[in-house]
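Quick notes on the structure that follows.
Just follow the structure's listing: the first ligand is 1, and inside any ligand the first atom is 1.
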Amino acid sequence: MHRTTALPISIAALLRACSTAACAMAAPTPHIPPPRELLRPLAVPYRLLLGPGPSNLSPRVRAAGSQQIVGHMHPEVLQVMEEIKAGIQYAFQTRNRITLAVSGTGHCAMEAALINLLESSDTVLVGNNGIWGERAADVARRLGAKVHELLKPPGEYFTLRDIQEGLAQHKPSVLFLTHGESSTGVRQPLEGLGELCHRHGCLLLVDAVASLGGVPILMDQQGIDVLYTGSQKVLSAPPGISPISFSERAREKMQRRKTRPPSFYLDMSCLASYWGCDGEPRMYHHTGPVSSIFCLREALAGLAELAARLPTVTTVRVPEGYNWKEITAFLMDKHSIEISGGLGPTAGKVLRIGLMGHNATQDNVDRLLQALRDALQHCQHSRL
Ligand code: PMP
């Protein structure tokens, strides 16, 4: 066999090569000095983010983001990815195998959905009642698909009849709708839509970037074929990693493709393999954003815990060293506020706060918090 390079080279040769390279590298003088602004410390002010996203990070998500990283394919990260998949399945209420998080923001998930579902031979019907329908139509046109827009004035949503007419007229293979239209503040009802689409041989693709976690959404029961969301809204994680899930119907459509998806980075078969969704050994596809993965895991854990909470009656652990009776009596005597102690298995352990109906107001929450602060200061003597 003809060999052009003899490997390995000797250490002496390596040292010679390195010193030559070092001389070569030392020769040119950089013309651009280090930017002065980078030599100052990073300054990030605290802001209460009450816009349509991003929202502030929860403390547990911040803690996850400041963890040291490990290799993105180390077993510990793969385990966290498994937990994320389970968390997304829970958040989306789906048992879909292809459930994962794409490395990018909500737009990335939108592109991942359209790039994998559509070929140039496909017709897509896009519900356009705000900016997100416009964006989806733009992406689909770039893919060369036939795009029809179902238009509604901003502020309105699509009825089952609107959609039925659109499906009958255009015979699309995919319908795109935005669940929470953040440009207009409108929620698109989803009841009956999956069934309607499937009767017309069409897949239902739903953008839930601004709604998931805040408004109930039941992917399997509602017959949604592709659902995605972002990390920076209700999940309160940093932007840059986006949960997405594909139904069996959607998976079959992707398998029937005649052409490969025009993006390597967003090719769902590669991503499904990387995320261990296909039962095969995982394949390296890209370097997973390890810190974002940790943050998303904690955000989904927060959602899982929250979902088990009753919004009408809040139970708060009695602070250590305090007597619950003193606290409730203090609130009643000094603030004329009734709250209760625990009951049955929680007797002596929790305070129970009801915020129901007419009483469920911000003012009452503020008043109670103020009174509790006062109680914690004045019930010191009752500390055990
Ligand atoms: N869809 C909806 C409904 C949104 O509100 C947003 C973000 N405002 C997006 C998609 C795009 O998400 P991102 O900015 O994370 O790319």
Students should be able to answer this: which protein heavy-atom is nearest to atom 10 (C) of ligand 1, and at what distance? D207 OD2, 3.3 Å
heavy-atom search around atom 7 (C) of ligand 1 in the protein gives K233 NZ, 3.2 Å
Would you say the side-chain atoms of D225 pair up with the backbone N or O of L204, donor to acceptor, closer than 3.5 Å? yes
L376 backbone acceptor or donor facing Y322 side chain under 3.5 Å: yes
Contact check, R135 vs ligand 1, heavy-atom distance below 4.0 Å: no
Contact between ligand 1 and G180 is defined here as a heavy atom of the residue under 4.0 Å from a ligand atom; is it met? yes
For residues I163 and L150, determine if any side-chain heavy atom of one lies less than 4.5 Å from a side-chain heavy atom of the other. yes
Side-chain heavy atoms of L167 within contact of P172, under 4.5 Å: yes
Out of M110, H107, H179, the nearest non-hydrogen contact to atom 11 (C) of ligand 1 is supplied by H107
Proximal atoms of ligand 1 relative to G106 (non-hydrogen, under 4.0 Å): 12 (O), 13 (P), 15 (O), 16 (O)
Against heavy atoms of S182, which atoms of ligand 1 measure under 4.0 Å? 3 (C), 4 (C), 5 (O)
Using 30° and 60° as the class boundaries, would you call the ring planes of H72 and Y274 parallel, tilted or perpendicular? tilted
Would you please test Q370 and D374 for side chain to side chain donor-acceptor pair (under 3.5 Å) and show each step? CA-CA 6 Å; Q370 188 50 45; D374 198 19; over 6 Å; no
Should Q232 be counted as touching ligand 1, given the test is an N or O pair under 3.5 Å? yes
